[in-house]
Protein chains: 2
Amino acid sequence: MLRMTKQADYGIVLMTHLAARAGRQFSAPELAAETRIPLPMVSKILKLLVREDLLVSHRGVKGGYALARAPRQITVADLISALDGPIAFTECIEDTPGSCSQEGICGVRDNWQRINQAVRHALEGITLADLTQPLASPLVQLGSGRGAELRA
Amino acid sequence: MLRMTKQADYGIVLMTHLAARAGRQFSAPELAAETRIPLPMVSKILKLLVREDLLVSHRGVKGGYALARAPRQITVADLISALDGPIAFTECIEDTPGSCSQEGICGVRDNWQRINQAVRHALEGITLADLTQPLASPLVQLGSGRGAELRA
DNA sequence: CCAAAACAGGACGGTATTGGTCCTGTTTTG
DNA sequence: CAAAACAGGACCAATACCGTCCTGTTTTGG
């Protein structure tokens with residue numbers, strides 16, 4: 001179905017929530033309550049985001065999580081790759097050179113990168129700051145970016 | 001891992017193959033041999049593409065498949081939605097209004113559409129014609145430039 | 001100094017989707 | 001009328017994902 005996992009989905013909701021109230025620190029239970037996402041999931045996701053340096057955490061009774069950078073410095077691409085792994089639509093990533101049965105003949109392989117880049121680029125163009133803005137801003141064109149230039 | 005299914009993957013390979021030799025007609029066994037994709041899969045995929053009007057088929061002994069339109073008129077988005085269903089990263093498609101537990105509070109929902117559109121738009125910008133071209137179109141530079149800027 | 005609250009880091013199972021095969025038609029060529 | 005190829009499903013095995021739980025470790029406050 002070509003959709004991202006629920007982890008990333010939830011992750012974006014949580015981060016957007018944090019971005020909208022930036023500065024403050026939120027505990028996992030707090031966030032779970034406010035977003036209606038099951039606590040264990042919230043916990044799991046936040047831990048991952050800390051490991052990827054997108055959140056900072058404070059332990060202890062009054063502990064919690066806060067954004068590691070300004071909302072404008074965190075892209076949707078960052079979140080998705082942190083939670084779902086590298087953004088690679090195709091399996092055709094040339095790490096393991098024997099993995100592709102096509103090898104010599106394929107001829108599409110270079111173009112695979114084109115697709116991956118297009119998507120990655122689209123997702124890099126959307127920041128948390130964008131997601132906290134109510135609606136319909138001129139930023140949208142920026143986000144889709146590449147296409148504009150294509151058609152222009 | 002945020003990747004498309006193998007069906008779509010294979011589908012793009014097959015269609016690119018056809019686009020590169022446009023005009024001619026290919027049988028499923030032929031395509032299977034040339035792309036090294038297992039025949040049953042090839043068959044299954046081509047049938048789906050016919051149903052979505054991206055291919056036309058001829059039955060009978062000398063039957064086969066051919067593109068339904070010019071390569072430039074078929075986008076990667078077309079292929080993916082034909083094989084993997086509608087391009088919707090999030091489950092948050094408002095067909096069924098009760099499906100989202102957030103409903104009132106969410107506040108991200110509008111922005112979901114923003115992400116979906118960005119990706120859809122990126123994929124609509126790539127046609128089969130692009131994929132048959134060897135390499136290095138103006139698209140590529142754009143991709144690298146922007147990511148660097150964001151991380152800096 | 002100890003108890004409670006919160007983060008850290010895994011392990012674990014049920015479920016749904018996907019990848020892939022196969023089978024039974026129907027159409028066309030020669 | 002036989003063979004080759006498309007049409008349209010049903011079907012199973014493997015995988016990945018969703019969600020939970022358990023056992024630490026750190027910090028606050030009485």
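Chain A is the first sequence line, chain B the second, and so forth, proteins listed ahead of strands; every chain is numbered from 1. Worth saying up front: this structure is predicted, and the values here are computed from it rather than measured.
A:Pro40 comes within 4.0 angstrom of a nucleotide base, judged by non-hydrogen atoms across all strands. The residue A:Lys47 sits close to a base: some heavy atom pair falls under 4.0 Å.
Residues satisfying the side chain to side chain contact (heavy atoms under 4.5 Å, CB included) test with B:Pro29, not counting sequence neighbours, are B:Ser27, B:Leu39.
Nucleotide C:dT27 holds its P atom 15 Å from the NE2 atom of B:His58, rounded to whole Å. Look at CG on B:Leu83: it is 18 Å from P on C:dT17, rounded to the nearest Å. If you measure from atom CE of A:Met41 to atom C1' of D:dC21, you get 12 Å, rounded to the nearest angstrom. The separation between B:Leu55 atom CG and D:dG8 atom P is 14 Å, rounded to whole Å. Distance B:Ile37 CD1 to C:dG20 P: 10 Å, rounded to the nearest Å. Taking atom CZ on B:Arg59 and atom P on D:dC6, their separation rounds to 10 Å, with Å as the unit. Distance, A:Leu49 CG to C:dC7 P: 13 Å, rounded to whole Å. Rounded to whole Å, atom C1' of D:dG8 lies 12 Å from atom NZ of B:Lys44.
Between B:Gly60 and B:Leu39, the residue anchored closer to the 5' end of DNA chain C is B:Leu39, taking for each the nucleotide with the nearest heavy atom.
Closest to the A:Lys6 side chain, of the nucleotides D:dC18, C:dG19, D:dC6, is D:dC18. Across D:dC6, D:dC18, C:dA8, the shortest atom-to-atom separation from the side chain of B:Pro29 is found for D:dC6. Looking at the side chain of B:Lys62, the nearest of the listed nucleotides C:dA8, D:dC6, C:dG30 is C:dG30.
Side-chain contact between B:Leu48 and B:Gln7 is present, with heavy atoms from C-beta onward closer than 4.5 Å. The shortest side-chain heavy-atom distance between A:Phe26 and A:Leu18 falls under the 4.5 Å cut-off. Side-chain contact between B:Ile115 and A:Ile12 is present, with at least one heavy-atom pair separated by less than 4.5 Å. With contacts defined as side-chain heavy-atom distances shorter than 4.5 Å, the pair B:Trp112/A:Asp9 qualifies.
Remark: D:dT15 base-pairs with C:dA16; criterion is Watson-Crick or G-U wobble with both hydrogen-bond distances under 3.5 Å. Base-pair partner of C:dG30: D:dC1 (Watson-Crick or G-U wobble, both distances under 3.5 Å). Within the shown strands, C:dA8 is the pairing partner of D:dT23 under the Watson-Crick or G-U definition, both distances less than 3.5 Å.
Listed pair A:Tyr65 / C:dA8 meets the phosphate criterion, a side-chain N or O lying under 4.0 Å from OP1 or OP2. A close approach under 4.0 Å does not occur between any side-chain nitrogen or oxygen of B:Ser43 and OP1 or OP2 of D:dC6. Between B:Arg51 and the phosphate of D:dC6, there is no side-chain N or O to OP1/OP2 separation shorter than 4.0 Å.
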